[in-house]
There are 2 protein chains.
Amino acid sequence: MPDRSTYAAAEADSITSALDVIGDRWSLLVLRGVFRGLHRFGELRDDLGIASNLLTTRLCRLVDAGVLEKVPYQERPVRHEYRLTAAGRDLSPVLVALMQWGDVHRNQDGPRTTLVHTDCNAPIENLNRCTDCGASIDAHEIRSAESVRPEDT
Amino acid sequence: MPDRSTYAAAEADSITSALDVIGDRWSLLVLRGVFRGLHRFGELRDDLGIASNLLTTRLCRLVDAGVLEKVPYQERPVRHEYRLTAAGRDLSPVLVALMQWGDVHRNQDGPRTTLVHTDCNAPIENLNRCTDCGASIDAHEIRSAESVRPEDT
DNA sequence: ATCAGTCAGTTGCATTTTGCAACCAACCCT
DNA sequence: AGGGTTGGTTGCAAAATGCAACTGACTGAT
């Protein structure tokens, strides 16, 4: 019988609903482009190499989800660009966590990515942290609030 | 002309290669299951509602990628279960970041997820942190090490 | 020794999503 | 009038996914 008490039965819905928005092959790459400063249709299409019909559907989906917003940058003809909303900016930990994992585990021969804090010029890391003791937390120090015993994993 | 100087041109390869492993509809959900303590084929299939042919291909891919490993739990017939490798455990920030985002932005009426630190019983958060000053970092305080100016986003 | 049941898949086929290339519409500039 | 730029749409082929039925290796009960 499975031990579902550890590491959150409840997380199901949050992760699933997050993946409903960004859980396909392109959405996170589109968002990465916007984070990097690409805001227009053609910029994103050329940078990602995505087919334009797919970019259209992805941008619409992300706008509908409240992650991006269309803002006009000219009239006649009306042209829009795509910018992050607050919800979109809140996805930065996801991108940084993915990037960090890829750096360490998948891209060992390629160039290391270095994102830095604008204030300090020091590298950024992504981690899980305890809101009480402030310690950074490894996978096996996590459990769901409902459970009592940690699991060996 | 796009301003690609901000937020990392170099991150492309790391994020893309990470998404090569976990960038489809099911892989992260499979990993979430394993984090939750589901280690066997049937447990994962029943919990996720995934078709068994897809679960087969996902598990094989994750094993090939070094994220999961097959360990035999019985002989006659040989049966394996799937466990996280160190690389797999290192994906926990990605799952926690996604979960946290889903909690805040997608799942506002559903039950809140509460993952806690085993030592403290206090909730866990995921964030980007400066390795120098230790401050948690918001999206617009990030830039690529190659660039000089931050961008307005 | 046969029979039902479990577990971990495999196979075949329908449906959905993605990828590619060509085309379109509004506008500008010469 | 003709060409260029931007931001798409359309049609069709290819690939991924979903569903349901089936298999193979075993166990344990009759």
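Keep in mind that this is a model prediction, so the values were computed, not measured. Just so it is clear: chains get the letters A, B, ... in the order the sequence lines come, proteins before strands, and each one is counted from 1.
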Check residues 54-70 of chain B and write down every donor-acceptor pair under 3.5 Å in which the side-chain atom is one partner and the other belongs to a residue at least two apart or another chain.
{"residue": "B/Thr56", "atom": "OG1", "partner": "B/Ser52", "partner atom": "O", "Å": "2.9"}
{"residue": "B/Thr57", "atom": "OG1", "partner": "B/Leu54", "partner atom": "O", "Å": "2.9"}
{"residue": "B/Arg58", "atom": "NE", "partner": "B/Asp24", "partner atom": "OD2", "Å": "2.5"}
{"residue": "B/Arg58", "atom": "NH2", "partner": "B/Asp24", "partner atom": "OD2", "Å": "3.4"}

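- For the pair B/Leu44 CG and C/dG9 C1', the computed distance is 13 Å after rounding to whole Å.
- Side-chain atoms of B/His80 never come within 3.5 Å of backbone atoms of B/Pro72 as a donor-acceptor pair (strictly under, hydrogens ignored).
- Side-chain N or O atoms of B/Asn126 include one that pairs as donor or acceptor with a backbone N or O of B/Pro93 at under 3.5 Å.
- First and last contacts of DNA chain D with chain B, using any nucleotide atom under 4.0 Å from a protein heavy atom and ordered 5' to 3', fall at D/dT17 to D/dT27.
- Residue A/Leu115 comes nearest to B/Ser144 through the heavy atom pair CD2-CA, 4.1 Å, listed as atom of the first residue, atom of the second, then distance.
- Note on A/Leu19: it clusters hydrophobically with B/Trp101, by side-chain heavy-atom contacts below 4.5 Å among ILVMFWY residues.
- No donor-acceptor distance shorter than 3.5 angstrom exists from the side chain of B/Ser17 to the backbone of A/Gly102, with no hydrogens or angles considered.
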* To do: Starting at the 5' end of nucleotides 19-30 of chain C, put B wherever the base has a protein heavy atom under 4.0 Å, S where only the sugar-phosphate does, and a dash everywhere else.
  => BB-----BSS--

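- Listed pair B/Tyr82 / C/dA8 fails the phosphate criterion, with no side-chain N or O lying under 4.0 Å from OP1 or OP2.
- If you take CG of B/Leu59 and P of C/dA8, they are 11 Å apart, rounded to a whole angstrom.
- In this structure, a donor-acceptor pair under 3.5 Å is absent between the side chains of A/His117 and B/Asp132.
- Looking at A/Gln74, its side chain does come within 3.5 Å of a backbone N or O of A/Pro77 through a donor-acceptor pair.
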